[in-house]
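So you know, we letter chains A, B, ... as the sequences are listed, proteins then strands, and number each from 1.
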Amino acid sequence: MSDITLNATAAAPEAAPRSPPISQVGLLAWLRANLFSGWLSTLVTLALAYLIIRWAAGFVEWGILNAVWSVPNNQTQACRDLKGIGACWAVVTEKHRFILFGTYPFEEHWRPALCILLFIGLYVVSAMRRFWRKELAFVWAGVLALIGVLMWGGVLGLPYVPQERWGGLVITLILATFGLAFAFPLAILVALGRRSKLPAIKAICVLYVELIRGVPLISLLFMASVMFPLFLPEGMNIDKLLRAQIAIILFAGAYLAEVVRGGLQALPKGQYEAADALGLSYWQKTGFIILPQALRLVIPPLVNTFIGFFKDTSLVLIIGIFDLLTAGKTAIIEPAWQGFGIEVYVTVGAIYFVFCFAMSKYSQGLEAELNRHRRR
Amino acid sequence: MSETLDQIASAARTDAPPAIVLDKVNKWFGSLHVLRDVSLTVALGERVVVCGPSGSGKSTLIRCINRLETHQEGRILVNGIELSDDVKALDDIRREVGMVFQSFNLFPHLTILENCTLAPIWVRRMPKKQAEELAMEYLTRVRIPEQAKKYPGQLSGGQQQRVAIARALCMKPKIMLFDEPTSALDPEMIKEVLDTMVSLAEMGMTMICVTHEMGFARQVADRVVFMDRGEIVEMGTPAQIFETPQTDRLKLFLSQILRGH
């Protein structure tokens, strides 16, 4: 039976492959198919093109042509004379150090600046797959410790800077990096625990997720900042930033745990059974078979949550911590600079965007790379 | 009935201790009674084919042998070790029992070679190089050594199932369980998998195989077990089962599958 089929296939004359008709390929075909496929889509294309060009032209005029880039000695008269037809980037030029470093002592600004570079370097190194090995954990520990030393000082001839004076971009990066670096492993354990057969572990994990998810992050930060110290013995004081950091870790952990659980749920039962049948232990099965597949499946929602939390760190302003957004806001309180909020917010927004967009782009590449095995 | 059973078992291997003993095994899924007083003894080196209509409990039966399903009554002994909640005993048993699934269940994120070396390296504590040599040896035996660096998704179904067989063999098991290994395959790929299984049988591996491939059963089985509605209805040599079926249920089943072929 199978022999006959094989012979038949071999005997069939092979048709020469043809290229698709010329009207189906190239820029012109793409334009016709996507932008001008009918009178309605042509109309929408033209209308949108008109709006985009007008808006872009307006922004260029406001943001570049009519803009004032710097003013001498806080004399904002030049900016006020614009009466809104041009941007006053001078506020950013003047206040950029405050936006980036908050109230950190001026002559020590090189320290948080170095910390920001260290953070970015850490992200870049961690993003490269060839560095994904055990040593990377030590690099993280080392760099994070170094950042602590730089920020606090008090050793190696660095003057001590209390945490209350830290601020700006470096606070945002500290909260986001420590937050996600601790929340992610916590989330994996909670997600696994929620699927555990042991009732006590399962109950604790369910309780944790449901409790934390059920309250807003703001209330959790309030609790960490106001209520938590009431329960501590007299004289004992845990750093305010640390308390906020723990609240963020717990909150992010609960959300990420549910994302990870989604990935665990999506894996076919056969994968668990095959690992069991081979005699792999629970942790071997989880580490080699289950998590690598489950986490690949949930890269998009994971990054979604990461990006969300990167921006949610700005909520710490309600307990008086100067993150990037709060520093920007505070920078324009000074009477001379009042009224130039748009420029500052555009700048702060651009900084957030750069980080979030980098995460997003990186995750797309990672997703394609890690799911290569699914391609034929 | 039980007399013939004993005769066959003793005829197959006289002196060796049994590889698997099932003694009055019962199992329920909720209130559904899926295994009813199943007793079966498989001698070392014996090849047993289990057949029966769908839902007859044959897959559940072999899944109980490496405890992918837990039985609720009766005893199961594998290599003389009783299956219980004892995790240590279970590890010992799973190390010696290889399994091949209907849906292959290869690990899609690992290469063919990594699929084969993972368990030997981490469960058998074999050095990586040695595990890779062993894997290549078995991949050669199932005739796909050239695919070692590929991912499962790049292989045909028949090739994937042969990898699954090689993966199980890399653990050097004493017993192999096959759960409908050809049921998910296109007709032209069934033969290549069956050929692999026949050569395995010729090496003297203890095998329990749930399958509808009657040609395979005639060729390699020492014994054929016919199950229906959770119980063993008839058991005997392929000739006895296929030529002189005793019960109406087996006659009906044979007429149905023979019509299909």
* Structure fact -> Residue from B:Arg167, B:Met99, B:Met171 scoring the most non-hydrogen pairs under 4.5 Å with chain A is B:Arg167

* When heavy-atom pairs shorter than 4.5 Å are enumerated against chain A, which of B:Asp92, B:Val87, B:Leu68 gives the highest number? -> B:Leu68

* Asked: Which of residues 107-122 of chain B get closer than 4.5 angstrom to chain A, counting heavy atoms alone?
  -> B:Phe107, B:Pro108, B:His109, B:Leu110, B:Leu118, B:Ala119, B:Trp122

* Asked: Which atom pair, heavy atoms only, marks the closest approach of B:Asn66 to A:Ala277?
  -> ND2-CB, 3.7 Å

* **Side-chain heavy-atom pair B:Arg95, A:Leu278 within 4.5 angstrom cut-off** => no

* Please determine, among A:Ala275, A:Ala274, A:Pro292, the option with the most heavy-atom pairs under 4.5 Å with chain B. => A:Ala274

* Structure fact -> Cut-off 4.5 Å, heavy atoms of chain B, and the answer for A:Gln284 is side chain

* Asked: Would you find a donor on one side and an acceptor on the other, under 3.5 Å apart, between the side chain of A:Glu273 and the backbone of B:Arg63?
  -> no

* To do: Mark yes when over 12 heavy atoms from residues, nucleotides or ligands other than B:Asp186 sit less than 6.0 Å from its CG; otherwise mark no.
  => yes

